[in-house]
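I have placed the structure first, in the form of structure tokens, so that the comments after it can refer back to it.
Ligands are counted one by one from 1 in listed order, and the atoms in each one are counted from 1 as well. All figures in this text were calculated on a predicted structure; none of them were measured in a lab.
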Amino acid sequence: MIKQYAVIGLGRFGTSVARTLFRLGQEVLAIDTSEERVKYIADEVTHSLVADTTDANVLKNIGIANFDVVIVAIGENVQANIMTTLLLKELGVKYVLVKALNKMQGRVLEKIGADRVVYPERDMGKRVAHNLVAPNMVDYIELAQGFRISEFMAYKDMFGKSLRTLNLRFKYNLNVLLIKRAGGELISSPGPDDIIQMGDMLVLAGEKEALDNFERHQD
Ligand code: ADP
């Protein structure tokens, strides 16, 4: 289905998001205060616009509330990032996805109504590291609406601890389905006395939020 997207802030991240959405056949409006950056992407998106999105009138004139998804990819200018997000939600945009530089900014963004906060550099760094250590790791499999199975490399602070001690079911509402040992040994339906070792890969099942919480607490 074709949706209307607006991408605000055309740095490396925003440009890549806008270009990819357009290549996927979506309608994309790309916005930046910098004329140069807008020019650079103009031929690769549906519409482009030089504008400052911290001005509510600018957003109203574009008819921003009619867009299905707005992506705020303003990076270094944290104030503009937060102000833009606030205005978008005040103007009734249904789904606002925002790039944050750190957790503190992310918390503010969630408080003012951002529907999704992403941390591209942190996440990519994590993915690269996980992928180097465990090249065949699966990000996640969605089994049903919001219910997932995901693989995680065991973190250092889990080494030598039993599942009873880690208590993932109580702490995160997650079930350990499988432990894959570095040597290839598989422990299916692991029990409370199974001990996590260095190099273990854990296959966890639970709600998306529970898996996100688990990942976040490992930062
Ligand atoms: P990246 O790290 O992805 O390269 P940057 O922080 O370099 O991101 O880029 C963010 C972009 O957001 C810049 O091109 C900047 O001009 C743009 N930007 C900053 N403030 C505003 C604003 N108020 N309205 C629109 N675009 C903005």
Side-chain angles (χ1 to χ4, degrees), residues 2-132 137 139-140 208 212 215-216 218-219:
I2 299 180
K3 285 189 180 172
Q4 309 263 354
Y5 292 85
V7 178
I8 302 173
L10 304 171
R12 285 156 302 178
F13 176 71
T15 299
S16 173
V17 171
R19 192 183 276 147
T20 307
L21 285 169
F22 185 67
R23 284 189 191 154
L24 290 169
Q26 307 296 309
E27 300 261 325
V28 180
L29 167 65
I31 308 172
D32 201 294
T33 42
S34 151
E35 199 177 334
E36 196 185 332
R37 294 208 166 174
V38 170
K39 253 194 203 146
Y40 180 72
I41 201 176
D43 293 341
E44 294 177 275
V45 291
T46 321
H47 300 287
S48 54
L49 181 71
V50 179
D52 182 346
T53 56
T54 57
D55 180 345
N57 287 321
V58 165
L59 295 174
K60 277 187 208 156
N61 290 338
I62 305 168
I64 202 75
N66 297 322
F67 284 79
D68 298 299
V69 177
V70 179
I71 294 118
V72 181
I74 299 170
E76 258 128 72
N77 189 344
V78 174
Q79 198 179 327
N81 169 294
I82 291 172
M83 192 61 204
T84 297
T85 305
L86 181 71
L87 290 174
L88 292 171
K89 287 315 287 183
E90 275 183 0
L91 292 170
V93 176
K94 281 178 289 285
Y95 196 87
V96 180
L97 181 149
V98 192
K99 159 180 149 157
L101 300 178
N102 55 49
K103 263 192 188 171
M104 218 207 302
Q105 185 186 355
R107 276 171 56 194
V108 173
L109 290 166
E110 273 166 17
K111 273 264 154 60
I112 60 174
D115 299 279
R116 183 148 171 230
V117 179
V118 295
Y119 306 83
E121 301 203 327
R122 184 201 70 178
D123 292 353
M124 199 56 199
K126 261 191 197 176
R127 197 156 301 160
V128 167
H130 273 274
N131 224 274
L132 286 169
M137 196 179 76
D139 265 1
Y140 64 82
K208 177 187 178 298
D212 286 348
E215 196 180 10
R216 219 172 288 141
Q218 303 300 328
D219 282 344

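- Inter-residue side-chain proximity for Ile64 and Thr53 is flagged as unmet; no heavy-atom pair is nearer than 4.5 Å.
- Of all atoms in ligand 1, numbered sequentially from 1 with element shown, those under 4.0 Å from a heavy atom of Ala80 are 20 (N), 23 (N).
- The local environment of OH in Tyr95 is crowded, with over 12 non-hydrogen atoms from other residues, nucleotides or ligands closer than 6.0 Å.
- Here is the list of ligand 1 atoms found below 4.0 Å of a heavy atom in Gly75: 6 (O), 10 (C).
- Protein heavy atom closest to atom 26 (N) of ligand 1, with residue, atom name and distance, is Thr33 N, 3.4 Å.
- Side chain to side chain, Ser34 and Asp32 fail the donor-acceptor criterion of an N or O pair below 3.5 Å.
- Here the side chain of Ser16 pairs no donor or acceptor atom with the backbone of Arg12 at under 3.5 angstrom.
- Residue-environment remark: CD (Glu121) stays at or below the threshold of 12 foreign heavy atoms within 6.0 Å.
- Residue contacts with ligand 1: Glu121 is excluded, as none of its non-hydrogen atoms falls under 4.0 Å.
- Counting the atoms of ligand 1 from 1 in the order shown, those under 4.0 Å from a heavy atom of Phe13 are 3 (O).
- Listed by number with element, the atoms of ligand 1 under 4.0 Å from a non-hydrogen atom of Lys99 are 1 (P), 2 (O), 3 (O), 8 (O).
- Crowding of Lys39 atom NZ: a count of heavy atoms from other residues, nucleotides or ligands under 6.0 Å not exceeding 12.
- Not a single donor-acceptor pair under 3.5 Å links the side chain of Thr46 to the backbone N or O of Leu29.
- The nearest heavy-atom contact from the protein to atom 12 (O) of ligand 1 is Gly9 CA, 3.3 Å.
- Of the options Gln79, Glu76, Arg37, the smallest heavy-atom separation from atom 9 (O) of ligand 1 is shown by Arg37.
- Comparing Asp32, Val58, Ile8 by heavy-atom distance to atom 16 (O) of ligand 1, the nearest is Asp32.
- For ligand 1, the atoms lying closer than 4.0 Å to a non-hydrogen atom of Ala51 are 24 (N), 25 (C).
- For ligand 1, none of its N or O atoms has an N or O atom of Ser34 under 3.5 Å away.
- Every atom of ligand 1 with a heavy atom of Leu10 under 4.0 Å away is listed here by number and element: 11 (C), 14 (O).
- Here's the thing with Thr54: none of its N/O atoms is less than 3.5 angstrom from an N/O atom of ligand 1.
- We find that Lys89 and Asp115 are joined by a salt bridge, their nearest charged nitrogen and carboxylate oxygen being less than 4.0 Å apart.
- Contacts between Met83 and ligand 1, counted as non-hydrogen atom pairs separated by less than 4.0 Å, are absent for every part of the residue.
- For atom 21 (C) of ligand 1, the closest heavy atom belonging to the protein is Ile74 CD1, 3.7 Å.
- Annotation: side chain of Val17 is not in contact with side chain of Leu97 (no heavy-atom distance under 4.5 Å).
- For Arg12, heavy-atom contacts with ligand 1 shorter than 4.0 Å involve the backbone as well as the side chain.
- Looking from atom 23 (N) of ligand 1 to the surrounding protein, the closest heavy atom is Asp52 OD1, 2.8 Å.
- In terms of polar-atom proximity, Thr53 is counted as a contact of ligand 1, with an N or O under 3.5 Å from an N or O of the ligand.
- No donor-acceptor distance shorter than 3.5 angstrom exists from the side chain of Gln4 to the backbone of Glu27, with no hydrogens or angles considered.
- Using a distance-only test at 3.5 Å, with no hydrogens or angles considered, no donor-acceptor pair links the side chain of Asn81 to the main chain of Asn77.
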